[in-house]
There are 2 protein chains.
Amino acid sequence: MRQDNEMTTASYGIGTISKHTGVNIETIRYYERIGIMPKPPRTAGGQRIYETAHLKRLAFIRRSRELGFSLDEIRALLRLVDGGDYSCGEVQEMTLAHIADIRRKIADLRRMERVLKDMAAKCDGGDVPECPIVDALSA
Amino acid sequence: MRQDNEMTTASYGIGTISKHTGVNIETIRYYERIGIMPKPPRTAGGQRIYETAHLKRLAFIRRSRELGFSLDEIRALLRLVDGGDYSCGEVQEMTLAHIADIRRKIADLRRMERVLKDMAAKCDGGDVPECPIVDALSA
DNA sequence: ATAGGAGCTGTAGTCGCTACAGGTTCAAGG
DNA sequence: CCTTGAACCTGTAGCGACTACAGCTCCTAT
């Protein structure tokens with residue numbers, strides 16, 4: 001573990017924050033390239049040095065991805081947070097929009113499931129080469 | 001509309017089958033490139049000529065995509081159909097596996113929705129720059 | 001004969017990563 | 001102090017399933 005020479009500010013290598021957040025090393029570098037993670041300071045040799053703030057930001061991104069936010073949505077969320085003058089209302093609005101999105105996806109999947117279930121039910125599962133599923137799909 | 005000179009076998013240009021199936025022209029050519037649509041005959045000038053069989057196959061692919069089958073799954077389905085010796089049981093098996101997949105996706109999305117709803121509920125939506133959603137995400 | 005819509009090929013971009021190849025740096029052990 | 005080897009670096013290419021474009025050629029109707 002590295003130590004700052006002035007203060008007791010913890011620093012971590014990229015592998016450490018990768019393990020901590022569960023985000024792949026390559027993905028972290030990718031996030032930096034596309035600008036949702038800031039360019040961190042480097043050692044004399046060019047290796048990235050992260051601090052607690054980076055760790056928190058990466059955890060935020062990770063959790064948001066898990067909850068289905070796109071990187072663009074996360075970018076917007078982070079812009080609010082970075083601006084400093086974000087309001088709770090704005091964040092809530094985006095979250096509600098995202099929930100609506102998820103609901104639409106669920107509805108679509110349920111429709112698919114129903115159709116497929118109906119098709120599978122018409123099938124006797126035998127060896128004959130006349131399948132109602134195939135018929136239903138090409139109609 | 002083109003007409004065969006021997007029989008009344010209907011032929012269509014790529015634009016026609018695109019409109020009929022709702023599959024983009026570029027996508028049809030892409031399907032040909034990756035081998036899930038066969039290479040059709042061409043006019044002297046090199047334009048693709050399709051017949052009713054192509055139309056049915058493309059409709060099959062379209063519908064399967066709509067129902068969430070991946071191109072790889074569709075390829076497998078088509079291999080069964082093309083082989084001619086497919087059994088209804090095999091098709092049904094793939095369909096049931098796909099249904100299980102859809103159920104998993106629905107469960108995931110529902111979990112997401114619940115978490116987001118809980119987070120949004122904690123938010124008073126006001127103008128204050130302290131948002132429980134942001135806190136929840138970075139924790 | 002000509003205008004213009006339809007079609008052609010080939011390439012590059014999208015999203016969100018992941019997987020290399022081929023090199024450099026760092027920390028620990030001898 | 002030196003060596004080993006793990007960790008890190010850059011840059012590029014690949015995935016799936018398209019979509020978009022540039023810059024042509026072809027076909028049909030007037």
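Below, all heavy atoms of this structure are taken into account, side chains as well, without hydrogens, waters or symmetry copies. Proteins come first, then strands; the chains are lettered A, B, ... in the order of their sequence lines, and each starts at number 1.
Heavy-atom nearest nucleotides on DNA chain C were determined for F69(A) and for G45(A), and the one closer to the 5' end corresponds to F69(A). Annotation: of the two residues near DNA chain D, K19(A) and L71(B), the 5′-most nearest-nucleotide partner is K19(A).
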Any protein N or O atoms within reach of nucleotides 19-23 of chain D? Criterion: under 3.5 Å, listing atom names and distances.
unit_1: dT19(D); atom_1: OP2; unit_2: N24(B); atom_2: ND2; d: 3.1
unit_1: dT19(D); atom_1: OP2; unit_2: T27(B); atom_2: OG1; d: 2.9

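Proximity of Y31(B) to the phosphate of dA17(D): no side-chain N or O atom is located under 4.0 Å from OP1 or OP2. In this structure, T43(A) does not reach the dT25(C) phosphate: none of its side-chain N or O atoms is under 4.0 Å from OP1 or OP2. Phosphate contact (OP1/OP2 of dT10(D), side-chain N/O of R48(A), threshold under 4.0 Å): present.
Every residue meeting the salt bridge (Lys or Arg N to Asp or Glu O under 4.0 Å) condition with R111(B), not counting sequence neighbours, appears here in chain and number order: D108(B). Qualifying side chain to side chain donor-acceptor pair (under 3.5 Å) partners for E113(B), counting only residues two or more places apart in sequence or in other chains: R103(A). Every residue two or more places apart in sequence or in another chain that forms a salt bridge (Lys or Arg N to Asp or Glu O under 4.0 Å) with D82(A) is listed here: R57(A). Applying the side chain to side chain donor-acceptor pair (under 3.5 Å) criterion to R104(A), with sequence neighbours excluded, gives D101(A).
Here dC17(C) presents its C1' atom at 15 Å from CG of D72(A), a figure rounded to the nearest Å. In this structure, CD1 of I34(B) is placed 17 Å from P of dG14(D), rounded to the nearest angstrom. Per the geometry, CD1 belonging to I28(A) stands 16 Å off C1' belonging to dT10(D), to the nearest Å. I61(A) has its CD1 atom 16 Å from the P atom of dC15(C), to the nearest Å. One atom, CD1 of I36(A), and another, C1' of dC15(C), lie 12 Å apart when rounded to the nearest Å. As rounded to whole Å, 12 Å separates atom C1' of dT9(C) from atom CD of E32(B). Taking atom OH of residue Y12(B) and atom P of nucleotide dG7(C), one finds them 15 Å apart after rounding to whole Å. Computed from coordinates, the R75(B) CZ to dG16(D) C1' distance equals 11 Å when rounded to whole Å.
Using a 4.0 Å heavy-atom distance criterion, I25(B) is classed as a sugar-phosphate-only contact.
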List the atom pairs, with distances to 0.1 Å, where a side-chain N or O of residues 25-38 of chain B and a protein N or O form a donor-acceptor pair under 3.5 Å, not counting sequence neighbours.
unit_1: E32(B); atom_1: OE1; unit_2: R48(B); atom_2: NE; d: 2.7

Problem set entry | CA sep, side-chain torsions, deciding dist, call: V115(B), E66(A), side chain to side chain contact (heavy atoms under 4.5 Å, CB included) | CA-CA 11 Å; V115(B) 175; E66(A) 267 175 22; over 6 Å; no
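Residue E93(B) places its CD atom among 12 or fewer non-hydrogen atoms of other residues, nucleotides or ligands, all under 6.0 Å distant.
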